[in-house]
Each structure stands twice: as structure tokens, then as C-alpha cells.
Amino acid sequence: KILITGSGGQLGTALRKALIDKYGKDVVIATDLVPKSDEFGNIDVLDATDQKGLDKIVEEQNVTQIYHLAAILSANGEANPVRTWDINLKSWLNVLEAARKYNVGRVFFPSSIAVFGTTANKVGTSQTEYLDPLTVYGISKASGEQWGNYYFSKYGVDVRSLRYPGVIGHESLPGGGTTDYAVEIYHKAINNEAYTCYLSESTSLPMIFMPDAIRATLELMDAPKEKIKTRTSYNINGLSFTPKEIVDSIRKWYPNFSIQYSPDFRQEIAESWPSSINDSQAQQDWNWSAHYQLDDISNEMITELLKKQDLLRQA
Ligand code: VAH
């Protein structure tokens, strides 16, 4: 059985579908704080900070893989730093302990470009830069990577991890991230509404389209063990762009799309992150390469969001 925590989140929603497609509905145990049932089956209730509840599922259901997606993201995380740290680390240590105690085969830890801070080179940020993150979320991911490496080297738990850039997808509305503008903007465009962007127009950030992010995750988890040379986390890149560049792309479909820029506290977070990522080690170790460029992303986001809108109208 495959357990997902945080299955209702932005990545969790898409990963749940991909894992069900790959392994079948009966193999995937999707969990989150809030229950849900849809055409893919149920999302059961599990608070990943509840060690007993997690252990019960792992032991009784003979879980062989865990994808730990439950976390509080960068922007929301700043509202209550100590609570963010507690939730992000307690849940991750629960997962690592369950994996150790019950011999779970593989464990996935989603890290983030948020682990980088102002010391790292901003352009082509490499795998081995010094990590001085400036958000609690980034601190929790940087230390989460170290814990994963520790459980691998001390107990042999097969922990694998990716430093996701900002993820763009149509599957769900993102919650509490700094890169969420790149999803919100498409929702505004298809409704012919103006968008107020909370980052300045020239703020370049590394991003990845959801299909590339999911494929990277499955390719990493399927790679033969001996190919995994990094047990903290791999940089992966999709592409980098600025709000101005995504607006120019959207205007190929919506020429009158209007935007205004009103930077808020998330501008400072974005400026502490890389503007582009070097993922050459992932390319070398397990053959990673992204497929989607910006206009492909705009095309698919607009098409899929319009389809959803039509379905909602017919409902
Ligand atoms: C966030 N989407 O904004 C997440 C991600 C790189 C950004 O970690 O917090």
C-alpha cells in the first residue's frame, strides 16, 4: 500500500491521481486533515502530527511507500513561526519513525527552493550552496532534508527528496505559498478579470508545471537505489520566469488581460530565493529533464480551466 499525507493540497491532489493511475485505487491510501470522496475514491482523515494514528495505518495496512505532502507553506507559515516549525517537523519525524519501525520501503520528502537564502548564488543555484533560508517553511525543509539523510545513513530508510520550484497546476487552488500568483493569474484571465500581482513585474522565480513535477517525483521514486547519490534533496528545474513574462504569454490568448503590481510581504520572501536553478545532478543521476515551456503551460492551464468552468456551468 502507498500512503499519502496532505493528499488534499496542491501537490497532493495531483500526486494522488498519478499514483492511482499507476498502481490502482486500492493501493493508494490518501489522507489529509479534511476527509473527501470523489471519483478517485476517499481521502481519509489523518493528522500527520498524530504519531499513533500514523503508525496504526502504516502497520495495519502494510504500507510500503509514504509520500509526505502535509506541510504549511512559506507565506502562511510566517503568520505563526513556532507552530509552522512544530507541524512541519513533528509530522516529518512521525513519518521517518514509522518508516523505520515498520520497514517502509521508500519515503518521499518534498523539499523546496525555499531552502536557499541570500548567501546562495541567485542564478543557476547549485545543489551544494550553503542553506540560510529566511522563512520558517524554508528552515523546516532544510532541516527536514538533514533528517531524511540521517535516517538513510543511520537506519537505511530509503528517503528520496526533490527541491520543487514553484508548482503551477490547474488541479487545485494552491494554499499559502509565495509562488501562488502563477496559478491565481490564470483563474483571473479565463474570467476576464484584472489581476493584482503581489510580486513586482521583474521578480524571476524558478517554476515547474505540475505534469513535470509529478513525473520528476515518480521517476525519482522508481530510480534504482544505487542511482540516488543525494539523500538530502535534489534540485530540479522546470523553467524560470517573471510576472511580466507570464502576462505576455497569457496575452497571446487574452490580449486585453490587465495586470497591476502591488508587492506585499511575499516580495521579500521571493527575493531571498534563487531566480534560476541548476539541476545538473538530477540530470546525471536519474536522467531528469523538464518538458514544458511557458506557452505550453499557458495553453494547458487555460484549456483545462475553461473545461472545468464549462463542467461547473453544466452541473
Ligand atoms: C511556496 N509553492 O510558495 C511553495 C514552494 C518554491 C515555492 O515552496 O511556499
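Atoms within each ligand, like the ligands themselves, are counted from 1 in listed order.
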Under 4.0 Å to a heavy atom of [X] - the qualifying atoms of ligand 1, by number:
X      : answer
Leu73  : 9 (O)
Thr179 : 2 (N), 3 (O), 7 (C)
Gly166 : 6 (C)
Ile113 : 6 (C)

**Q.** Arg160 to Phe108, cation-pi by 6.0 Å centre distance and 45° axis angle
**A.** no
Q | Distance-only N or O hit between ligand 1 and Thr178, under 3.5 Å | A | yes
Q.
Measuring from atom 7 (C) of ligand 1, which candidate in Tyr164, Tyr137, Phe116, Trp273 has the nearest non-hydrogen atom?
A. Trp273
Q. So which of Ser112, Ala71, Ser74 gets nearest to atom 5 (C) of ligand 1, if we judge by its closest heavy atom?
A. Ser112
Donor-acceptor contacts, no H, no angles, side chain residues 95-103, under 3.5 Å, sequence neighbours left out:
residue : atom : partner : partner atom : Å
Glu97   : OE1  : Arg100  : NH2          : 2.8
Glu97   : OE2  : Arg100  : NE           : 2.8
Glu97   : OE2  : Arg100  : NH2          : 3.4
Glu97   : OE2  : Tyr151  : OH           : 2.6
Lys101  : NZ   : Asp55   : OD2          : 2.6

Q: State plainly whether the residues Asp21 and Lys17 are in salt-bridge range, i.e. N to O under 4.0 Å.
A: no
Can a donor-acceptor pair be found between the side chains of [X] and [Y] at a distance below 3.5 Å?
X      : Y      : result
Ser161 : Ser233 : yes
Asp44  : Thr31  : no
Gln260 : Thr196 : yes

**Q.** ligand 1 versus Ala75: contacting region, heavy-atom distance under 4.0 Å
**A.** neither
